[in-house]
Amino acid sequence: MSQFWKPGTERPRSSLVDDEEGGVLFYSTPPPSSSYGYANLEKQRQRLPVFKYRTAILYLVEYHSTVIIVGETGSGKTTQIPQYLKEAGWAEGGRLIACTQPRRLAVQSVASRVAEEMGVKIGEEVGYTIRFEDKTVQGVTKIKFLTDGVLLREMMDDPLLTKYSVIMVDEAHERSISTDMLLGLLKKIQRRRPELRLIISSATIEAESMSNFFRTRKKNGHATDDNGLKMEPSILSVEGKGYPVEIHYVQEPVSDYLQSAVDTVLLIHEKEAVGDVLVFLTGQEEIDAAVQILVEKASDKTSHFSGLLVLPLYSGLSRSDQDLIFSQTPKGKRKVVISTNIAETSLTLEGVVFVVDSGFSKQRFYNPISDIENLVVAPISKASAKQRAGRAGRVRSGKCFRLYTEDYFVKEMPAEGIPEMQRSNLVSSVIQLKALGIDNILGFDWLASPPPESMIRALEVLYSLGILDEDAKLTTPSGFQVAEIPLDPMVSKMIIAADTLGCSEEILTIAAVLSVQSIWVSVRGKHKGLDEVKLRFAAAEGDHVTHLNVYKGFLQSGKSSQWCYKNYINYHAMKKVVDTREQLCRLVRRLGIVLKSCQGDTQTIRKAILAGFFSHASQLEEYSQNGMYKTVRNSQEVYIHPSSVLFRVNPKWVVYHSLVSTDKHYMHNVIAIDPSWLIEAAPHFYQLKRPNPAIF
DNA sequence: GAGCACTGC
């Protein structure tokens, strides 16, 4: 597969096998699937680095309860190991082989690749499951790809995951919350089901700590169980097939990595051979600034910088902007993509030969005391730096320019990032563990323990919502109902309250809208138009009711994309809202919730919202000139976000959906309320916090 | 009058 090509000529064909670890490949030309004969595919399979280890892997899986596979990008482990297992008989007798991925797109693309290699139709012998999409057939499917979140959900019906013979947890090094939870629970399952085999696949040598975690011994001290199965995890390394990447460091620390990144791109263009450039910065604002500087340079037709084609890449981009990034670089041009971390794991760009690494990314941090999540620009880990550099070695040997010193890399950069578990609000995780019968949350065997303060905060929130009782057990029925609904527990509580109040139709719409990023198109510099359009939908009660108006308008337009375009509404987001709402309706009906509309009674709707969000109440500061509010819970200074329809309206009392913290704490999605509803919705909470209700 | 790294059920 190691083909080279001259710029301007047709690019070599590539396939998804090149990329399973790195996420999803975007083809600039459609893959020539018709030319893949079976024999051809078989040869390709045998050329993958992992093929040499086929016998070893099968031997280890046979005799060890847990196998840890350290494999670099492009080793082929994700697509091949499930097939080896199937060929060795692990799917016989109605059993299933599972392979989990952190991302939905990866699940779909890996599954279709494996189905193609096996010459079967996707959804039959090889299937996949992601939320809202189950492409498996019971009794037929033998290899199943799924997100780790889906496997966690499956445990609620089948706690010991009895239908699986082998579970491969892929991308474990990413340490997402669901991967960490899954690993802790799988360890528990293995104690009850010693015959279950686990394969943990990771790109980094964190294998040692992973191995320690899974090291279990029988009480009698033997390292094997009665059937001779070794309890000691084994570790196997598989090399990748990336090309070498030359690493360059700066001599002196840089004071302005943005400027330095721009300078480096210009230098590469001047001195280096052909090949696209990928620059890692932290966020949209920074990226747009860097793009602008470079575009200005490139627009000077007389300078040789006119050969630069500069493009931004972040998740908020529209479809059409994303298409530009994955299109072929025009003849005589050098493509420069300036990206967030999205290009580190989720998306793979072809043709990158040079990487510029700022050494920073935006990371989420959670403060359990204030209950606020913050996005902070923070230094990346060595593991991330390595991953970023690897992006330069996909088509041929490349170069990575790190905008930090070698000394810093060696002596100061942390080896691994902080697991997400330790940087997040844990309300959803705690309720999920409770639903799985894990009573002692604080004593759970975590791969890395979250801060006790975060767990205590989560328990408090769930208790105040009436989801947990005094003994920290799920309440009946609402605790169990909330656990069944795959949404934030505060949103789920709102849905359950709507059942009693008779406005479930409206609240399900609101829940669906809150689960997408934003239903408005992102408009830089076009705020005026958006604001005017918003007035057409704006409700005096606030944003949630405004969302209902938009949803109604969308349905009345016949779900028209034209209508969305005219109204500054994100069509794809609205389609997702409709989808999600449908799924939620189906789910809550199963829980015995009756769909009913309150026919525009916005007071009832707001009361249902309060049932979940009473702890997010804020009061306008008296005599406040600048719209300052204080939260009722802890007198935190907050403001209504300018995107809200209640911005500058400043009702005396509001309830917000979430806080966004930048230079100020902004309340996102706000409704106006009557404070007496708070006591009505949560007497326990408000009596508890305010023994003297004189403030009302 | 301002801004959202990235996922997932």
Side-chain angles (χ1 to χ4, degrees), chain A residues 23-24 100-107 129-134 146-156 171 174-182 280-288 313-317 339-347 358 360-365 373-378 380 384 387 417 420 423-424 427-429 431-432 435 482-489 491-492 511 515-518 520 522-525 527-528 530-531 570 580 583-584 587 626-627 639-644 646-650 658-669:
Chain A
V24 177
T100 73
Q101 296 290 321
R103 279 171 293 277
R104 298 160 55 102
L105 261 168
V107 167
T129 310
I130 55 181
R131 181 168 76 155
F132 299 161
E133 200 176 337
D134 184 7
L146 68 176
T147 52
D148 30 27
V150 168
L151 193 58
L152 277 177
R153 284 270 152 197
E154 285 191 1
M155 277 186 207
M156 286 173 63
E171 313 282 0
E174 287 189 22
R175 303 296 303 275
S176 73
I177 288 184
S178 23
T179 307
D180 268 23
M181 277 176 59
L182 192 58
F280 285 102
L281 293 180
T282 69
Q284 181 174 335
E285 199 179 344
E286 239 173 58
I287 289 168
D288 287 341
L313 175 59
Y314 39 81
S315 71
L317 283 182
S339 171
T340 60
N341 246 9
I342 194 169
E344 194 181 300
T345 47
S346 304
L347 299 177
S358 65
F360 289 93
S361 69
K362 277 198 183 166
Q363 291 160 37
R364 181 171 54 204
F365 288 94
E373 283 184 335
N374 256 323
L375 269 181
V376 183
V377 173
I380 61 169
S384 275
Q387 177 79 8
E420 194 186 8
R423 306 183 272 116
S424 310
V427 168
S428 295
S429 313
I431 192 174
Q432 209 159 3
V482 166
E484 284 279 337
I485 302 174
L487 296 170
D488 180 302
V491 176
S492 307
S515 74
V516 303
Q517 287 256 339
S518 171
W520 307 102
S522 57
V523 279
R524 295 200 135 241
H527 297 126
K528 224 175 170 181
L530 176 60
D531 284 351
N570 183 334
T580 308
Q583 298 294 334
L584 287 175
L587 197 140
N626 58 348
Y639 297 83
I640 294 180
H641 194 272
S643 67
S644 169
L646 294 182
F647 179 66
R648 277 202 292 235
V649 177
N650 292 338
S658 59
L659 282 184
V660 171
S661 305
T662 51
D663 55 327
K664 290 176 182 168
H665 297 305
Y666 286 103
M667 299 182 277
H668 247 230
N669 292 324

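Residue numbers start from 1 in every chain, and the chains themselves are labelled A, B, ... in the order their sequence lines are given, proteins ahead of strands.
- A sub-4.0 Å separation between OP1 or OP2 of dC6(B) and a side-chain N or O of T340(A) is present.
- In terms of phosphate contacts, R364(A) brings no side-chain nitrogen or oxygen within less than 4.0 Å of OP1 or OP2 of dC4(B).
- Contacts of S361(A) with the nucleic acid, taken as non-hydrogen atoms under 4.0 Å apart, are absent.
- Distance N374(A) CG to dG3(B) C1': 14 Å, rounded to the nearest Å.
- The number of heavy atoms from other shown groups lying within 6.0 Å of CD (E133(A)) is above 12.
- For the pair N626(A) CG and dA2(B) P, the computed distance is 11 Å after rounding to whole Å.
- Here T147(A) reaches the OP1 or OP2 of dC9(B): one of its side-chain N or O atoms lies under 4.0 Å away.
- Atom pair K664(A):NZ and dA2(B):P shows a separation of 7 Å (rounding to whole Å applied).
- In the set dG1(B), dA5(B), dT7(B), the nucleotide with an atom closest to the side chain of S346(A) is dT7(B).
- Smallest separation of non-hydrogen atoms from I177(A) and E420(A): N-OE1, 2.9 Å.
- Where P486(A) and T282(A) meet DNA chain B, the nucleotide closest to each residue was compared, and T282(A) sits on the side nearer the 5' end.
- Nearer the 5' end of DNA chain B, as judged by each residue's closest nucleotide, is the contact made by H641(A), out of S315(A) and H641(A).
- Residue R104(A) places its side chain closer to dG8(B) than to any other of dA5(B), dA2(B), dG8(B).
- The OH-P distance, from Y639(A) to dG1(B), rounds to 13 Å in whole Å.
- Going from atom CD1 of I640(A) over to atom C1' of dG1(B) covers 13 Å, rounded to whole Å.
- Among the heavy atoms of the strands lying under 4.0 Å from I342(A) are primed sugar atoms or P, OP1, OP2 only; no base atom is included.
- In this view, F647(A) satisfies the ring-ring contact (aromatic ring centres under 6.0 Å, His included) rule with no residue, not counting sequence neighbours.
- Residues meeting the ring-ring contact (aromatic ring centres under 6.0 Å, His included) test with H665(A), sequence neighbours left out: none.
- Nucleic acid contact for L152(A): none, since no nucleic acid atom lies under 4.0 Å from a heavy atom of the residue.
- The nearest whole Å value for the distance from the CG atom in L105(A) to the C1' atom in dC6(B) is 13 Å.
- No engagement by V377(A) is indicated, since no non-hydrogen atom pair under 4.0 Å with the nucleic acid exists.
- Minimum atom distance to the side chain of R103(A) is reached by dG8(B), of the listed dC9(B), dG8(B), dG1(B).
- Of all nucleotides listed (dC4(B), dG8(B), dA2(B)), dA2(B) comes nearest to the side chain of Y666(A).
- Between E286(A) and K362(A) no salt bridge is recorded (no basic side-chain N to carboxylate O distance below 4.0 Å).
- Computed from coordinates, the M667(A) CE to dG1(B) C1' distance equals 15 Å when rounded to whole Å.
- No option in L313(A), I287(A), T282(A) other than I287(A) meets the side chain to side chain contact (heavy atoms under 4.5 Å, CB included) test with T340(A).
- Atom-to-atom, CZ of R131(A) to C1' of dC9(B) comes out at 5 Å; the value is rounded to the nearest Å.
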